[in-house]
Amino acid sequence: MAAEGPITDPLLVTVLDTSRAAREQAVVLIDGIQEALDAAGNGPLPLEAQAEISKQQKLLNTNIAQLRGLHRSAHFKARETKGQTAEARHEVDVLHLQLQNLYYEQRHLEGEIAACESFEHTYQKLPLIPVDEFLALHPEHADDDENDLMVARINHERTEREALEQQRVELQKRKQKLIAENKKRRDDLANLDKDLEKFIDVSSSSRVPFVES
């Protein structure tokens, strides 16, 4: 006789079926004993009645022994299931904790990303030439994405500044050279003035005075 209800475990279903069969067997035994006693009155039970009662007792004992074995097996299985449930619950707790850690890490990374996106980088303040002007000079970058295009513009700016710095250094060298040449010319002129003064002094001192006759 199949067990009814939400119980679907085969062992528990067998326990319930055996328990039901033992109960029914006990009821049959009790009814048989009562009928035999009623039929015998105050006299002894007939041998046939005693044999039937003994048969029913053996069947009941068999059902009870089977029920005890099933109960023991169900008890061990329940203990095993309880251990498996505790282990599964522990695994779920560990997974839940790991999930919470992942959520925390996700929120942390999202915060870091937002901070990076809102950070004012130095390159954003560079006086780069407009994109249109840069692409007109370097059309090979027309299909670049935003990041590659910015890198190319920065490299262009660096190249231009290095060229300007080189020009500045060359001009500075030329300036120093011109300053040195001018200084030398001034010194030469100053020395020439001194020589002329000396020549004039010598000429004046050696001139013969003019005497009228």
Side-chain angles (χ1 to χ4, degrees), residues 1-32 55-162:
M1 188 174 178
E4 298 177 356
I7 297 176
T8 58
D9 184 80
L11 178 59
L12 294 180
V13 170
T14 303
V15 170
L16 293 177
D17 290 342
T18 304
S19 176
R20 187 177 295 106
R23 183 183 61 183
E24 293 174 353
Q25 185 64 40
V27 172
V28 170
L29 177 60
I30 292 173
D31 291 343
K55 177 183 177 181
Q56 296 298 328
Q57 285 180 338
K58 290 180 180 179
L59 290 175
L60 179 60
N61 291 334
T62 301
N63 288 332
I64 291 175
Q66 185 179 4
L67 182 61
R68 287 175 178 172
L70 292 172
H71 179 268
R72 187 180 299 107
S73 298
H75 177 72
F76 289 151
K77 185 173 183 180
R79 181 182 298 177
E80 180 182 358
T81 303
K82 184 177 180 180
Q84 293 175 350
T85 302
E87 183 178 355
R89 182 180 294 111
H90 175 69
E91 292 178 357
V92 171
D93 292 340
V94 172
L95 291 175
H96 179 71
L97 180 61
Q98 292 177 350
L99 182 61
Q100 292 298 323
N101 291 336
L102 288 176
Y103 282 147
Y104 173 79
E105 185 176 356
Q106 179 184 3
R107 289 193 295 269
H108 175 72
L109 292 176
E110 288 175 349
E112 292 293 329
I113 292 173
C116 291
E117 290 178 347
S118 60
F119 180 75
E120 293 186 359
H121 298 275
T122 304
Y123 76 86
Q124 294 176 330
K125 300 179 181 180
L126 293 175
L128 303 178
I129 63 176
V131 176
D132 295 341
E133 184 177 346
F134 173 79
L135 292 178
L137 295 174
H138 302 280
E140 66 274 12
H141 295 287
D143 296 330
D144 289 356
D145 58 25
E146 182 178 356
N147 183 67
D148 292 340
L149 182 60
M150 177 58 70
V151 172
R153 292 174 64 196
I154 293 175
N155 288 335
H156 170 78
E157 181 66 22
R158 183 188 63 185
T159 301
E160 292 295 321
R161 292 193 179 192
E162 289 175 350

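Throughout, residue positions are numbered sequentially from 1 according to the sequence presented. Just so it is clear, the values below take in all heavy atoms, side chains as well, and ignore hydrogens, waters and symmetry mates.
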Asker: Show your reasoning for whether side chain to side chain contact (heavy atoms under 4.5 Å, CB included) applies to Val131 and Arg153.
Answerer: CA-CA 8 Å; Val131 176; Arg153 292 174 64 196; 3.4 Å; yes

Asker: Charged N to carboxylate O under 4.0 angstrom, Glu157 versus Arg161?
Answerer: yes

Asker: Find out whether Ile129 and Leu137 are in side-chain contact, i.e. whether some heavy atom of one side chain is under 4.5 Å from a heavy atom of the other.
Answerer: yes

Asker: From Gln57 CD over to Thr62 OG1, what is the distance, rounded to the nearest 0.5 angstrom?
Answerer: 11.5 Å

Asker: Would you call the rings of His138 and Phe134 parallel, tilted or perpendicular if under 30° counts as parallel and over 60° as perpendicular?
Answerer: tilted

Asker: If you count heavy atoms of other groups shown closer than 6.0 angstrom to CG of Asn101, is the number above 12?
Answerer: yes

Asker: Look at the side chain of Ser73 and the backbone N and O of Gly69, then say whether any donor-acceptor pair between them is shorter than 3.5 Å.
Answerer: yes

Asker: Using the side-chain contact (heavy atoms from CB on, under 4.5 Å) rule, pick out the option among Ile30, Leu29, Val27, Val28 that qualifies with Leu60.
Answerer: Leu29

Asker: Is any side-chain heavy atom of Ile64 less than 4.5 Å from a side-chain heavy atom of Gln25?
Answerer: no

Asker: Just how far is it from atom CD of Gln98 to atom OH of Tyr103, taken to the nearest 0.5 Å?
Answerer: 13.0 Å

Asker: Could you check if a side-chain atom of Asp148 sits within less than 4.5 angstrom of a side-chain atom of Asp145, using non-hydrogen atoms only?
Answerer: yes

Asker: Once you round to the nearest 0.5 Å, how far does OH of Tyr104 lie from CG of Leu109?
Answerer: 10.5 Å

Asker: Take atom CD of Gln84 as the centre, draw a 6.0 Å sphere, and report whether it contains more than 12 heavy atoms from other residues, nucleotides or ligands.
Answerer: yes

Asker: What are the two closest non-hydrogen atoms of Asp144 and His141, and how far apart are they?
Answerer: OD2-ND1, 2.6 Å

Asker: Nearest 0.5 Å, what's the CD-NE2 distance between Glu105 and His108?
Answerer: 8.0 Å

Asker: How many angstroms lie between CG in Leu70 and OG1 in Thr14, if you round to the nearest 0.5 Å?
Answerer: 6.5 Å

Asker: Which atom names give the shortest non-hydrogen contact between Asn63 and Ala21, and what distance separates them?
Answerer: ND2-O, 4.0 Å

Asker: Mind running side chain to side chain contact (heavy atoms under 4.5 Å, CB included) on Val151 and Asn155 for me, showing each step along the way?
Answerer: CA-CA 6 Å; Val151 172; Asn155 288 335; 3.6 Å; yes

Asker: State the OG-CD distance between Ser19 and Gln66, to the nearest 0.5 angstrom.
Answerer: 11.0 Å

Asker: Mark yes when over 12 heavy atoms from residues, nucleotides or ligands other than Glu110 sit less than 6.0 Å from its CD; otherwise mark no.
Answerer: yes

Asker: Evaluate the side-chain proximity of Leu135 to Leu149: yes if any heavy-atom separation is below 4.5 Å, no if none is.
Answerer: yes

Asker: Determine, step by step, whether Leu102 and Gln106 satisfy the side chain to side chain contact (heavy atoms under 4.5 Å, CB included) criterion, reporting the C-alpha distance in whole Å, the side-chain angles of both residues, the deciding distance to 0.1 Å, and the verdict.
Answerer: CA-CA 6 Å; Leu102 288 176; Gln106 179 184 3; over 6 Å; no

